[in-house]
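Notes to accompany the following structure.
We count ligands from 1, going down the list as the structure has it; atoms in each ligand are counted the same way.
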Amino acid sequence: MFIDRLFQFWIESHWSVALVMSSVVNISVYVITALTMSRLIKVMTTKKLGEYIDDRSLKDGQIKQEVSFGIIACIVFAVGSLATREVFHKIWPESISDFFVQTLCFVIFYETYSYFVHLLLHQKFFSKYHRIHHLSVRVTPWSAYSVHPLEASFIGFSAPLFMLFVPMSLGLALVLHVFGMMFTIMLHSSYRHRSNSRLIKWMNEYPRYHSKHHIYGTVNYGFVGSILG
Ligand SMILES: [Zn+2]
Ligand SMILES: [Zn+2]
């Protein structure tokens, strides 16, 4: 399969080639998702299908600054991906049950890890780094990865850290990383869709919950599982 050959090439290539390939993937996912979401939200708010959770004006140069930090964060994620070449377990899970077990273990690990890392980033020593992310008070999809490189490395090295202890396949790590990026960008959309659907109302809770974190600064530290109830 072409994708398997691409993985094999990436695993065996010089680290600089692998770094460029990973950077291209990370930057593409970030830019395409944030751009698509921004455009969609603009259309839907204009058509009154939804509204901004926080409709204050953006700061001067906010998007430009968010994109700059976002691109740097994507390159840091690519550096983290190089470490997965040393610790991965096969390219794909060997069975459906393997797929579910690896996915469940990683999601539980990442939710716990990111919650405590986020709490740590709000402590005195680290707050000067996390401050970059909180420069965005009214968030935009681009705010998702507007973080200091140190914070980006906490995110980017989470998968290789996990893979040190739990055998996880490389392809699944990439798929989960891409979904994680899309979810984080959605979390920063500051968009609420008008609908009576329970599913949409539940989905609306995610950006509302995280927008509050940016508005008040000291509430709602969690991500995926924080509002599952
Ligand atoms: Zn925070
Ligand atoms: Zn945020």
For residues Val20 and Val79: do they belong to one hydrophobic cluster (side chain heavy atoms under 4.5 Å, members Ile, Leu, Val, Met, Phe, Trp, Tyr)?
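Val20 does not cluster with Val79.
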Can you tell me which N/O/S atom of His210 has the shortest distance to the Zn ion (ligand 2)?
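The nearest such atom is NE2.
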So which N/O/S atom does His188 have closest to the Zn ion (ligand 2)?
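That would be atom NE2.
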Counting backbone and side-chain atoms alike, is an N, O or S atom of His213 positioned under 2.8 Å from the Zn ion (ligand 2)?
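Checking the Zn ion (ligand 2) against His213, no N, O or S atom falls under 2.8 Å.
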Examine His134 and say whether one of its N/O/S atoms is closer to the Zn ion (ligand 2) than 2.8 Å.
no
Near-ring test His118/His133, centroid separation under 6.0 angstrom:
no
Sub-6.0 Å ring centroid separation between Tyr113 and Phe162:
no
Cation-aromatic face contact Lys128/Phe125, 6.0 Å, 45 degrees:
yes
Closest non-hydrogen atom pair, Ser169 against Trp92
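So the two residues come closest at CB-C, 3.5 Å.
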Vertex the Zn ion (ligand 1), rays to NE2 in His122 and NE2 in His130 - rounded to 10°:
100°
If I take every N, O or S atom of His214, is at least one of them less than 2.8 Å from the Zn ion (ligand 1)?
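False for His214.
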